[in-house]
Amino acid sequence: MPPAPLPIPFAALETARDRLRGLVTRTPLVASPSLGARTGAAVWLKLESLQPTGAFKLRGATNRLAALTDQERRRGVVAVSTGNHGRGVAYAARRLGVRAVICLSELVPPGKVKAITDLGAEVQIAGADQEAAEQAAHRLVADQGLTFVSPFDDPHVIAGQGTIAFELIADLPAPDLVLVPLSGGGLICGIALGLAVLAPNARVIGVSMDRGAAMHASLAAGRPVPVEERPTLADALGGGIGLDNRYTFDLVRRLVDDVVLVTEDEIAAALAHSFRCDRQIAEGAAVVGQAALLAGKVRPPPGAQVVCLLGGNSIDLDRLIEIVREHRL
Ligand SMILES: *Cc1c(COP(=O)(O)O)cnc(C)c1O
């Protein structure tokens with residue numbers, strides 16, 4: 001039996017690329033001579049940390065909002081996120097003139113709330129935890145007809161993240177190995193969908209932290225499973241993939257070659273390496289690819305063209321400075 005067609009066609013990525021033109025930053029691909037020397041490969045960094053919101057999630061959010069029907073656009077959108085997704089939705093909504101409500105729990109620190117209201121979105125503080133915030137969002141969908149914007153499990157979001165593949169191939173036509181931070185899987189699925197057409201020989205490897213890696217645990221179980229959320233330097237990789245996951249679980253199984261896990265110490269060492277050697281400010285979730293290379297958990301063949309995707313730069317700078325001081329390398 002031939003394999004079932006992919007649920008998101010390559011054409012969806014091409015549409016997203018055209019929609020996003022002028023709305024998101026075309027990010028650079030820069031060499032990392034230090035990682036090259038450590039690995040014997042040619043290592044490149046794709047700097048999504050340079051998006052105006054500090055993370056790639058702007059791509060998926062912008063594509064989702066640009067795809068709204070006229071009626072949906074008049075009603076507005078709602079999302080649940082304290083971090084990069086919330087900022088992405090807020091920024092995209094302002095650019096496209098759409099009302100956005102971001103639901104947050106009472107636990108979210110005032111600084112993060114302000115970062116979202118500064119971008120022009122409405123904030124609704126709802127309840128004592130993430131689950132209460134999600135329930136509030138679903139009430140807004142039911143009562144006011146707002147469109148819920150998922151951070152990863154949505155074809156428009158996945159296609160938006162997939163626009164990274166076009167830029168990557170324009171700068172490096174034949175990558176051998178692409179290392180992508182992995183949480184819910186929107187980022188890696190988008191990139192893998194693009195590379196399946198643009199660079200079919202490239203291996204795509206997901207990297208998560210070993211504390212609460214939901215996709216890794218779900219792959220092992222053969223179905224989406226919940227994980228216990230634990231504090232980690234890679235906080236943007238926390239959270240589940242949704243027990244009712246519709247797209248990313250299946251796509252990761254079909255398109256991703258491997259998933260590797262890195263420890264907190266490995267992430268800390270990679271943050272320090274990124275700052276000291278590559279002169280990049282990145283968040284913990286963004287340096288898991290470099291962490292896997294530095295720890296020897298991924299060993300590219302000699303001379304291979306390797307790309308590490310840096311997803312974002314949302315890190316407390318005092319904490320980063322501490323980590324950099326602790327790791328003299
Ligand atoms: C959301 C996020 C990820 C993970 O993306 P998924 O699509 O959920 O796999 C990785 N890095 C950063 C910085 C993020 O904000």
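These numbers come from a predicted model, not from an experiment. Here, residue 1 is the first one in the sequence, and each next residue gets the next number. Order of appearance sets the numbers: ligands from 1, and atoms from 1 within every ligand.
The hydrophobic cluster containing F148, built from Ile/Leu/Val/Met/Phe/Trp/Tyr side-chain heavy atoms closer than 4.5 Å, also comprises V78, V80, V101, L140, V141, L146. Side-chain contacts under 4.5 Å among hydrophobic residues (ILVMFWY), followed directly or transitively, place L243 with no other residue at all.
In summary, the atoms of ligand 1 found under 4.0 Å from a heavy atom of G312, numbered by their order in the structure, are 13 (C). Atoms of ligand 1 found under 4.0 Å from any heavy atom of G185 (numbered from 1 in listed order, with element): 6 (P), 7 (O), 8 (O), 9 (O). Atoms of ligand 1 lying under 4.0 Å from any heavy atom of E283, numbered from 1 in the order shown and given with element: 13 (C). Under a 4.0 Å criterion applied to the non-hydrogen atoms of N84, ligand 1 contributes the atoms 13 (C), 14 (C), 15 (O). The atoms of ligand 1 that sit less than 4.0 Å from any heavy atom of L237 are 3 (C), 4 (C), 10 (C). Near G186, with a cut-off below 4.0 Å to any heavy atom, the atoms of ligand 1 are 6 (P), 7 (O), 9 (O).
A salt bridge links R254 with D250; the closest basic N to acidic carboxylate O contact falls under 4.0 Å.
Looking at atom 1 (C) of ligand 1, its nearest protein heavy atom turns out to be K57 NZ, 1.3 Å. The nearest heavy-atom contact from the protein to atom 5 (O) of ligand 1 is F56 CZ, 3.5 Å. Of all protein heavy atoms, the one lying nearest to atom 8 (O) of ligand 1 is G184 N, 2.9 Å.
Aromatic rings of F166 and F10 (six-membered ring for Trp) have centroids within the 6.0 Å cut-off, being under it.
Distance CG/L233 to CZ/R211: 8.0 Å, rounded to 0.5 Å.
Checked by distance only, ligand 1 and G311 stay at 3.5 Å or farther apart across all their nitrogen or oxygen atoms. Where the criterion is an N or O separation shorter than 3.5 Å, residue side chain and backbone included, L187 meets it with respect to ligand 1.
The closest donor-acceptor contact from the side chain of D278 to the backbone of Q280 lies at 3.5 Å or more, if one exists at all.
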Under the salt bridge (charged side-chain N to carboxylate O under 4.0 Å, His left out) rule, what do R319 and E283 come out as? Steps first, then yes or no, please.
CA-CA 10 Å; R319 181 81 185 98; E283 60 184 278; over 6 Å; no
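Contacts between H85 and ligand 1, counted as non-hydrogen atom pairs separated by less than 4.0 Å, are absent for every part of the residue.
Side-chain contact, Q124 with R139: no donor N or O sits under 3.5 Å from an acceptor N or O.
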